[in-house]
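Report on the following structure.
Residue numbering restarts at 1 for every chain, and letters A, B, ... go by the order of the sequence lines.
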Amino acid sequence: MLLSVEDLTLEAGGRRPILRDVALQVRRGEIVGLVGESGSGKSTIARAVLRLLPQGARVSGRVLVGGEDVLTMDDARLRALRASDVSMIYQDPRSSLNPVRRIGDFLTERMILTLGRPAAEARSRAAELLAAVGMRDPERRLRQYPHELSGGMLQRVVIAAALAADPALILADEATSALDVTTQAETLALLRTVQAERGLGMLFITHDLHLASAFCDRVHVLYAGTVVESRPAADLFADPRHPYTAGLLGCTPELGDPRPLRPIPGRPPSLDDLLPGCPFSPRCPHAEAECETWAPRPVAVEGGVAACRLIPVAVQERSPV
Amino acid sequence: MALRVARKLAGLVATLLATSFIIFGAAYAAPGDPVTFLAGGKENLTPEYLAAVRAQYHLDDPFSVQYGRWLWDALNGDLGRSFQYNDEVLDLLAARLPTTLGLVAYATVLFVVIGVALGVLAAVRGGRTDSTVVAGTTFATSVPPFVAATALISVFGVQLGWFPVAGGGSFTHLTLPAITLALGAVAIISRVTRQAMVEQRELDHVTVARASGLAERLIVVRHVFRGALGPVVTMCGLVSAGMLAGTVTVETVFGLSGIGSLLVGAINTHDFPVTQAVLLLMVVAYITVTTLVELAQPLIDPRARIERSRA
Amino acid sequence: MKPDSPVLRGEPDVGDAPSGPGQAPAPPGQAPAFPGRGRRRIAALVGAGPVGSRLASVFLAVVVLCAILAPLAAPYRPDAIDFAVSLSPATPEHLLGADQSGRDLLSRVMYGARTSLIGPLVLLAVASVVGVAIGTLAAWSRGWVDAVLSRVTDVMYAFPGLLFVVLVVAVFGNGMTTAVLALGLAYAPTIAKYTRSIAITECAKPYIDAYRVQGMGSLAICVRHLIPNLARSLVGYLVVLFGEGLMSLATLSFLGFGAQPPSSDWGLMVKEGQAAIVQGAFLPVLVPGAAIALVVVSFNVIGVRLADRLGTRRL
Amino acid sequence: MLSVHNLCKAFPGTVAADAVSFELPSGGSLGLVGESGSGKTTVARMLVGLVRPDSGTVTVDGRVRDPRERGRAARLRRAREIQMVFQDPYVSLDPRLTAAECLRAVLRLHSKDRSRVPVLLDQVGLGTREAGARPHQLSGGQRQRLAIARALAVEPSVLVLDEAVAALDVSIQAQILELLAQVRRDSGVALLFVSHDLAVIRHLCEETLVLHRGRVVESGPVAKVLAEPEHPYTRLLLGSVPRPGWDPAEVVRLRREMEASEVF
């Protein structure tokens, strides 16, 4: 198992935890999607994998990368992990690069300064990487500044940098959301190519359920810091089991014949909304009184788990306490 | 690039012309006849004597002619004669400039080194160090130079006797004035440095660098401080440019004979040629320094290169 | 004391803060706070924290009261000469001592608060009316109006610090009125520049566009909506400028260009007290000097606090 | 009836609109699709008069909109012709005004009955609790509702929505889309919906217009354009929308196809 997040709970000031008992796994060669609306905590999970935690955060649970717990390792090991095992790709490529440094500096910085490679070798490797992500004239690109490149180009540079240290795991945090649709598709094609060629594990974070189900092998749906459903992408899309997943699909417009949208009432909960029971119960069309006190826990469904009290299997399995 | 510099220079010349016009026009518009000052308040001034003085100083010409002549002479290095000292203004300036320049240079070194160091320290260390620096600089900006100067004189000059109280020329003579001059500047620079670094630290690309395993020390040097360099250099330039005007107070308090004290004296004795010359000199110096700083910006921030050429 | 691990410091992410479609910016009021309780305690003591600014407000209130009530509360007339107590140290009769002429320093400082506070007030009133008008006009019209106004402000800027005032004083003669008005004009470009920069940011926000789309006239948008929305930032800035203005006026008086004897303006008091230092008497300088410094510190502390609260930046 | 004829606008270095023409019947709905740099926002801003076109005309109900026509009456009349809802509800509302004050200001400006405030709020699904709230106390969806109410207060003939749901969460986006459809049914206002999202346009609009680098490359009924796209760019755009079994590599091929077609 490449990445294994176990019972990750993270609190930082708000009335409810940012993450509650999150569990997810990423295997080698697998793309795992993480879908949620704003405030669901999806970016926090990715950052937790690199131990980039919000200030004053209280964390429990484990985040294992290659079997080692990121949350407890010493600083030197953590730096080594960040430098060579895990790479992150962020939403906005323009703010990911230092505007006053050249593309070449950005690409070689990690190789020279943290991995200790000779400068010349790092530079030729950087050029190779740029060529690998489909950029023409890499030598010239190395000398350019970020503002001289378009957003799509920059995201390619960021992907090249992510590959610089031959990582095993890539965290893509809304990596294509800031791009135009056509650029997004091309960037995704590139991501999938490099992922498949190198057998990388990838945690793909997005707010777009359609995108996740089209691009990922498995998808976790996150709501208010809780994983509400976790299934293979195709299953999730064809037959959502959690009311929130169904709601998301029901309210997303599609290209085909227009069907009436069924908006989810209310709004995504903020960190100050106290949610003692199932977090989705206030917006759930099927909610019953008991849902408001039922602490969500994963219930086995076809191909994965869903955290809903009303799933029939769950009702049967529940022990009469 | 060349076009940018040319345009910049044109703007510079325009600003200089405008300021020289104000400086000259102000003296011209001053109430009272300069002749009475020129004549030194003598009794029983004969009309012939007044006419002679007028002719000598070309006071009967129209304003534009007077301004044109003054400007032309100034460009040729002739700043006129002082009413008060009856010397060439240029000689007066030449004699006093070294003191002032020494003072400004001394103070600049002090405030750049100490100010940047304090700012970096506050931003990097945080906690107690930070709050101490912030509190100290808040206080330092609140003490007017003449009060600070008086305090320094009474403590280090009179009480401890470490430094000479008045007079000028030597390095030790300049120490207390330079400290006074640098005090407020240190506060400004350290604040700007701290603020810029704190802002840079919040930027995404710093997190990206951190997430790529770069050591914290390298992040501070390569990203945080490098990013903060632009505002810091700009501010250092502006402050040191403004410092020439600050010498007016400091030189007066410490009794240094530089161009600042020359200006105060000239104003109090209605010595217009000297007033005009010193003001012009200060404005020229200010504009030159600020322009240099602005031209240096693209070297620090590559984005400025295209933004400027578009503008 | 071990500082917070750098890794854990300064991550602004609460929830999924930085994202595009479907994501909301963090609500205002969640300014990134600095970690460390020690820092906050010290900051509170020395001035950056709320306790400091409260202390500063109380102090300023006392100073203003002193200025208003000076004729009732001051133990002596400010110009009552008594050579018998020349350079007296602090005594029960003269709580803060007396100057060379034996004038009571406490009384002089209390009376001096009047000129020293009203001066900057008038100055700022002049400067902010001119500056805000010019700055808003430049930001609103852009184009050649902006270019011309910016050039004019640049020229004014080229007279650094006090030079413009010095020039005006050189022309129109010494005196508090001249100094205040001249300094007011000298500050106008600074305020104009600041107003312009924040007004440009504000004008770029679509709610201003929305008013235009609704058919509202430019003047109405500027006066009724744009400037009120700038007010918060401007006030914080003006509070700090008040301190600076007070210092500049005191400096002018000190140089002999501002208030003239027998005024008990604080700057003038320092000038007159200077000679006493050589005789070993510090009170004539210390009292007005400290008064200036404390008042200015108070304004700065409040200004910094306001700026922190409103999230505005100084230029 | 909105009629746009030959709108052109060039900015230094780019052409934002190149002879853009279209018509929107009263009570109709038109979707303007394009990516960043396609000029769709510029077109929207030219319609409401925030950007002055280099050439071309905008006509509403037979009357040409002339931004040079000054004076209060002309301004207000233009406002009643076309209103606009902006992309980001976090900055498109005056932070100083409560929801009710915001609407009252518009009604006063247009000398309309101020007692309509609760009606307008109700129309967009806001209650009395929200009426007294300032923008920062409202959620993103509520702000966008208020922005819509503000535009409707003027009772315009045409409502331009510039990426009006792009900044919202998916579940909120659906609510706003439903609201817009309902508003159109109830008030008969024509909608011009500017978006990068084909699916949203498919849902809300009858007609569509595809913009690419300032040019209209394709137009027609939404269902037809999406089902049988003729221009290679429309095909590329359609191919880029993620769906089950989608292969992003296909998009690269479509892009090449489009670039090839552009050569000729």
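- Between chain D and the options Arg283(A), His210(A), Glu186(A), Arg262(A), heavy-atom pairs under 4.5 Å are most frequent for Glu186(A).
- When heavy atoms are compared at a cutoff of 4.5 Å, Leu236(D) approaches chain A by way of both its backbone and its side chain.
- With a 4.5 Å cut-off on non-hydrogen atoms, Gln142(D) does not touch chain A at all.
- Looking at Leu177(D), only its side chain comes within 4.5 Å of chain A, counting heavy atoms on both sides.
- Heavy-atom contacts from other residues, nucleotides or ligands closer than 6.0 Å to CD of Glu302(A) number 12 or fewer.
- Although no hydrogens or angles enter the test, the distance criterion places a donor-acceptor pair under 3.5 Å between the side chain of Glu35(D) and the main chain of Thr182(A).
- In this structure, chain A has heavy atoms under 4.5 Å from both the backbone and the side chain of Val200(D).
- Residue Arg192(A) touches chain D through its side chain alone, counting heavy-atom pairs closer than 4.5 Å.
- With a 4.5 angstrom heavy-atom cutoff, Arg259(A) touches chain D only via backbone atoms.
- Counting only distance, with no hydrogens or angles, the side chain of Glu178(D) and the backbone of Gln175(D) share no donor-acceptor pair below 3.5 Å.
- When every heavy atom of Leu168(D) is checked against every heavy atom of Gly141(D), the shortest pair comes out as CD2-N, 4.1 Å.
- Chain A forms the most heavy-atom pairs under 4.5 Å with one residue out of Gly239(D), Ala227(D), Ser139(D), Pro242(D), and that residue is Pro242(D).
- A salt bridge links Arg218(A) to Glu30(A): one of the charged nitrogens lies within less than 4.0 Å of a carboxylate oxygen.
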For Val32(A) and Phe204(A): C-alpha separation, side-chain torsions, deciding distance, then whether side chain to side chain contact (heavy atoms under 4.5 Å, CB included) applies. CA-CA 6 Å; Val32(A) 173; Phe204(A) 187 83; over 6 Å; no
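- At a 4.5 Å heavy-atom cutoff, Ser213(A) makes no contact with chain D through either its backbone or its side chain.
- For Gln184(A), the part lying under 4.5 angstrom from a heavy atom of chain D is the side chain only.
- Nearest heavy-atom pair across Val194(A) and Leu200(A) is O-CD1, 4.2 Å.
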